[in-house]
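Okay, structure first, notes after.
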Amino acid sequence: MIIKFQDMQYELISKIKTTVSGNIDLYLACDVKRREGLYTVACVRDMEIARKLIMVTTKQNVSLSFRDLHASFNADGKYYVIFNYAQGRTLQQALEDGKFNLRERLQIMKNIFAQIFLLNMPECFLYEALRKENIIVDDSLGVRFNYFFTEIDYYWQVQEKDLMNRVNGLVHELFARELEKKSSRELMEFALDLDEGCYGYLWDCYVAYDEVYETVLAKTEQREPEPGRIWWRAWEKLKKFFPTIRTVLAAALIVSAAIYLLWNLPNPALSDNGVSFGQIGTLEIKEKADKP
């Protein structure tokens, strides 16, 4: 199926889901003309919801820095909102794998904050994006968001405290190990401040986290590799071969020593100087004088 509007054409590749209310269908799509990148297409059938969404989904009403909003328009009696679609592994999947060490998780949270302020999106979409299943983490720990209209009925009530609750949840998810083991005083204090609502705005929270990030990162620079990382696994495997390696090295040392001795010690039978014996047992040996 292809959706057309003016000079834009989007081909629907597959259906992502239908919202709980049944009023919005989400599709994965591509631009027919450019064939570059993928998009999330929200097809809004309820015109009452569409009228509410217009205020936060038109280029004239949102910040130019909100580049994830690609387009919005009416067509075929429906309202369409087009977002950039982020491909890759979600934060939820990454956390379930458990392969990120502390430094990497610190960086991911810092990048999440950076994207929040870089995109400057409407609060309702930020509330949607700050779900671990909507956060995409690439191999360089860069972060992107997807927008899937999960709680559309609550969009118009979102406040700063709701966003702070989302951030609080992410912090507890990302640093669950450290908080459970109480291994980082700075992270524990930061998480406690979030729990107690000490930060009124996201910016205040970000400034506080930045200080925590620098302090904790400095403390982890000298730590050994954590379990689960590639170097840790390589070290653990290498230790299993230590007995075999010791045996091989010992054998090699003995063989080398034997070769060295055979090669460097003089052979009396072949030496010009030879070795003289004055007596063998009770037999006395006299040297024979050379004839003139």
Side-chain angles (χ1 to χ4, degrees), residues 1-94 96 112 115-116 119-138 143-159 162-163 166 169-170:
M1 178 179 173
I2 295 179
I3 301 170
K4 298 180 181 180
F5 178 74
Q6 296 178 354
D7 61 340
M8 296 182 285
Q9 294 185 46
Y10 298 94
E11 181 180 357
L12 304 185
I13 299 172
S14 61
K15 188 172 183 177
I16 297 174
K17 70 172 185 178
T18 298
T19 58
V20 176
S21 63
N23 295 318
I24 302 176
D25 294 322
L26 295 171
Y27 298 92
L28 180 66
C30 65
D31 191 317
V32 174
K33 292 186 177 180
R34 293 191 299 174
R35 292 288 176 181
E36 295 179 357
L38 294 173
Y39 301 91
T40 300
V41 175
C43 174
V44 185
R45 295 191 299 272
D46 188 317
M47 287 298 102
E48 183 60 32
I49 294 178
R51 280 190 287 271
K52 292 181 179 180
L53 284 172
I54 286 174
M55 298 304 298
V56 291
T57 56
T58 56
K59 292 290 187 179
Q60 296 83 359
N61 294 328
V62 298
S63 168
L64 293 177
S65 59
F66 186 27
R67 297 184 302 274
D68 282 352
L69 176 60
H70 184 68
S72 60
F73 51 83
N74 286 299
D76 307 321
K78 302 180 184 67
Y79 183 62
Y80 293 94
V81 186
I82 317 295
F83 294 99
N84 290 331
Y85 176 81
Q87 292 179 278
R89 186 173 52 165
T90 67
L91 179 60
Q92 181 177 21
Q93 293 169 332
E96 288 172 354
I112 289 173
Q115 277 294 91
I116 288 173
L119 290 173
N120 191 25
M121 68 185 78
E123 290 180 339
C124 60
F125 293 125
L126 181 53
Y127 180 73
E128 182 67 52
L130 289 177
R131 293 174 174 272
K132 57 184 179 180
E133 60 269 28
N134 289 347
I135 299 172
I136 305 299
V137 181
D138 61 30
V143 168
R144 295 181 63 196
F145 300 124
N146 277 320
Y147 309 88
F148 290 155
F149 289 92
T150 304
E151 294 186 54
I152 184 69
D153 294 333
Y154 189 71
Y155 278 9
W156 331 117
Q157 305 172 49
V158 173
Q159 300 177 18
D162 297 304
L163 305 180
R166 282 277 197 259
L170 290 175

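Quantities reported herein were computed from a predicted structural model and do not represent experimental measurements. Atoms considered below: every heavy atom in the structure, side chains included; atoms not considered: hydrogens, waters and symmetry mates.
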Measure the shortest side-chain to side-chain distance between [X] and [Y] over non-hydrogen atoms and say whether it is less than 4.5 angstrom.
X: Pro122; Y: Phe66; answer: yes
X: Leu69; Y: Val56; answer: no
X: Tyr154; Y: Tyr127; answer: yes
X: Leu130; Y: Ile112; answer: yes
X: Ile3; Y: Ile82; answer: no

Locate the shortest heavy-atom distance separating [X] from [Y]; write the atom from each residue and the value.
X: Thr58; Y: Asn61; answer: OG1-ND2, 2.7 Å
X: Thr150; Y: Arg131; answer: CG2-NH2, 3.6 Å
X: Asp25; Y: Lys15; answer: OD1-NZ, 3.6 Å
X: Asn146; Y: Ala86; answer: OD1-N, 2.8 Å
X: Asn134; Y: Ala129; answer: CB-O, 3.8 Å
X: Ala29; Y: Val41; answer: CB-CG2, 3.6 Å

*Does the pair Glu133/Lys17 count as a salt bridge with the N-to-O cut at 4.0 Å?*
no
*Would Lys4 and Asp76 pass as an ion pair if we require N to O under 4.0 Å?*
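The answer is no: the pair does not qualify as a salt bridge.
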*Describe, in one word, how the ring planes of Phe83 and Phe149 are oriented to each other, choosing from parallel (under 30°), tilted (30 to 60°) and perpendicular (over 60°).*
tilted
*Hey, can you tell me if His70 and Tyr39 have their rings parallel, tilted or perpendicular (30° and 60° cut-offs)?*
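Tilted.
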Drop me the distance from [X]'s [atom1] to [Y]'s [atom2], to the nearest 0.5 angstrom.
X: Ile24; Y: Thr18; atom1: CD1; atom2: OG1; answer: 10.0 Å
X: Glu96; Y: Leu91; atom1: CD; atom2: CG; answer: 10.0 Å
X: Leu126; Y: Arg166; atom1: CG; atom2: CZ; answer: 9.5 Å
X: Met1; Y: Ile13; atom1: CE; atom2: CD1; answer: 14.0 Å
X: Leu26; Y: Tyr147; atom1: CG; atom2: OH; answer: 14.0 Å
X: Ser14; Y: Tyr27; atom1: OG; atom2: OH; answer: 10.5 Å

*Does Ser65 reach the main-chain N or O of Leu119 with its side chain, forming a donor-acceptor pair under 3.5 Å?*
yes
*Judged by atom type as modelled, is there a donor-acceptor pair below 3.5 Å linking the side chain of Gln115 to the main-chain atoms of Val143?*
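The answer is yes, because a donor-acceptor pair under 3.5 Å joins these two groups.
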*Test side-chain contact (heavy atoms from CB on, under 4.5 Å) applied to Ile135 and Leu170, step by step*: CA-CA 10 Å; Ile135 299 172; Leu170 290 175; 3.9 Å; yes
*Does a sphere of radius 6.0 Å around CE in Met47 hold more than 12 heavy atoms from other residues, nucleotides or ligands, not counting ones at 6.0 Å or beyond?*
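For Met47, atom CE is crowded (more than 12 foreign heavy atoms under 6.0 Å).
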*Determine whether more than 12 heavy atoms belonging to other residues, nucleotides or ligands lie under 6.0 Å from atom CD1 of Ile2.*
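Above 12, so yes.
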*Dump the intermediate steps for side-chain contact (heavy atoms from CB on, under 4.5 Å) on Ile54 and Tyr79, then the final yes or no.*
CA-CA 9 Å; Ile54 286 174; Tyr79 183 62; 3.8 Å; yes
*Please walk me through it: do Tyr155 and Lys52 pass side-chain contact (heavy atoms from CB on, under 4.5 Å)?*
CA-CA 10 Å; Tyr155 278 9; Lys52 292 181 179 180; over 6 Å; no
_Between Thr57 and Phe73, is the side-chain contact (heavy atoms from CB on, under 4.5 Å) condition met? List the steps._
CA-CA 9 Å; Thr57 56; Phe73 51 83; over 6 Å; no
